[in-house]
Amino acid sequence: MNASVAIQSLPQVTNDEELIRIVDQVIDYIKSTGFNYYVGPFETTIEGDYEQLMEIVKNCQYIAIKAGAPSVAAYIKITYKPQGEVLTIEKKVTKHHQ
């Protein structure tokens with residue numbers, strides 16, 4: 001695992017219920033990829049191969065539009081280490097959730 005990506009998908013919709021519905025579809029897509037992920041209150045973190053994660057980031061935008069958002073913005077954070085491993089989600093947050 002040479003990369004970790006955090007994505008906050010922000011569909012441009014008129015109410016909170018629609019926002020939650022569309023973001024839930026984006027998260028369902030992320031879950032379906034088979035990569036290790038962590039859903040937080042503001043963003044979802046995914047870890048795996050850099051190239052594959054970039055494809056997932058791209059597809060998250062398409063999922064939001066397909067779900068009905070007229071436009072979507074996203075905040076993306078990327079940790080990439082071509083040689084070696086990045087810190088895992090578990091190493092970063094497990095101690096805070098016990």
Side-chain angles (χ1 to χ4, degrees):
M1 178 192 70
N2 65 2
S4 180
V5 172
I7 182 168
Q8 181 184 26
S9 186
L10 300 165
Q12 305 300 305
V13 293
T14 57
N15 62 64
D16 289 345
E17 291 79 23
E18 190 68 355
L19 174 76
I20 291 168
R21 182 187 69 76
I22 293 171
V23 169
D24 284 348
Q25 287 190 33
V26 172
I27 293 170
D28 286 344
Y29 163 69
I30 291 169
K31 289 177 180 179
S32 77
T33 66
F35 286 95
N36 190 37
Y37 67 91
Y38 178 85
V39 178
F42 291 101
E43 63 192 14
T44 299
T45 304
I46 320 158
E47 50 192 22
D49 173 74
Y50 176 78
E51 295 297 330
Q52 292 173 310
L53 293 180
M54 293 302 96
E55 191 70 20
I56 291 169
V57 167
K58 178 179 77 174
N59 287 336
C60 286
Q61 310 317 299
Y62 295 144
I63 297 294
I65 296 298
K66 186 177 178 182
S71 67
V72 62
Y75 290 104
I76 311 294
K77 297 180 216 170
I78 302 168
T79 299
Y80 175 49
K81 191 173 183 182
Q83 304 299 319
E85 301 270 322
V86 297
L87 285 173
T88 65
I89 292 168
E90 286 76 21
K91 286 182 181 176
K92 293 177 185 176
V93 301
T94 301
K95 64 186 172 197
H96 302 291
H97 295 281
Q98 295 180 5

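Source: prediction; values computed, not measured. We use all heavy atoms of the structure for the numbers below, so side chains are in, but hydrogens, waters and symmetry mates are not.
- Side chains of Tyr50 and Ile78 form a contact here, defined as non-hydrogen atoms less than 4.5 Å apart.
- The minimum heavy-atom distance linking Pro70 with Val13 is given by the pair CD-CG1, 4.4 Å.
- Between Ser4 and Lys92, the shortest heavy-atom contact is OG-NZ, 4.0 Å.
- For residues 22-32, every residue pair satisfying the side chain to side chain donor-acceptor pair (under 3.5 Å) rule, not counting sequence neighbours, is listed here: Tyr29-Asn59.
- Hydrophobic clustering (side-chain heavy atoms under 4.5 Å, transitive across Ile, Leu, Val, Met, Phe, Trp, Tyr) keeps Phe35 apart from Met1.
- Applying the salt bridge (charged side-chain N to carboxylate O under 4.0 Å, His left out) rule to Glu90 yields no partners; only residues at least two apart in sequence or on another chain are considered.
- Panel note: side chain Gln61, backbone Val57; a donor-acceptor pair is recorded below 3.5 Å.
- Open room surrounds NZ on Lys77; 12 or fewer heavy atoms of other groups in view lie less than 6.0 Å from it.
- Taken together through direct or relayed side-chain contacts under 4.5 Å among Ile, Leu, Val, Met, Phe, Trp and Tyr, Ile7 and Val39 form part of one hydrophobic cluster.
- The structure places CD1 of Ile76 at 8.0 Å from OG of Ser9, a figure rounded to the nearest 0.5 Å.
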side-chain contact (heavy atoms from CB on, under 4.5 Å) between Thr33 and Gln52, worked out: CA-CA 10 Å; Thr33 66; Gln52 292 173 310; over 6 Å; no
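- Residue Ile63 holds its CD1 atom at 11.5 Å from CD1 of Ile22, rounded to the nearest 0.5 Å.
- Residues Leu10 and Gln12 approach most closely at O-NE2, 2.9 Å, considering heavy atoms.
- The shortest heavy-atom contact between Leu87 and Glu47 is O-OE1, 4.2 Å.
- With a 6.0 Å radius and a threshold of 12 heavy atoms from other residues, nucleotides or ligands, Tyr62 has its OH atom at or below the threshold.
- Distance check: Tyr37 OH to Thr45 OG1 gives 12.0 Å after rounding to the nearest 0.5 Å.
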Step by step, would you call Tyr80 with Asn2 a side-chain contact (heavy atoms from CB on, under 4.5 Å)? CA-CA 6 Å; Tyr80 175 49; Asn2 65 2; 3.8 Å; yes
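- Here Thr44 contributes atom OG1 and Ile27 contributes atom CD1; the two are 4.0 Å apart, rounded to the nearest 0.5 Å.
- A pairwise comparison of heavy atoms in Val23 and Pro11 identifies CG2-CD, 3.8 Å as the closest pair.
- A search for salt bridge (charged side-chain N to carboxylate O under 4.0 Å, His left out) contacts involving Glu85 returns nothing, not counting sequence neighbours.
- Linking ILVMFWY residues whenever their side-chain heavy atoms come closer than 4.5 Å, directly or via other members, leaves Ile89 and Ile56 in distinct clusters.
- The minimum heavy-atom distance linking Asp49 with Ala3 is given by the pair C-CB, 4.5 Å.
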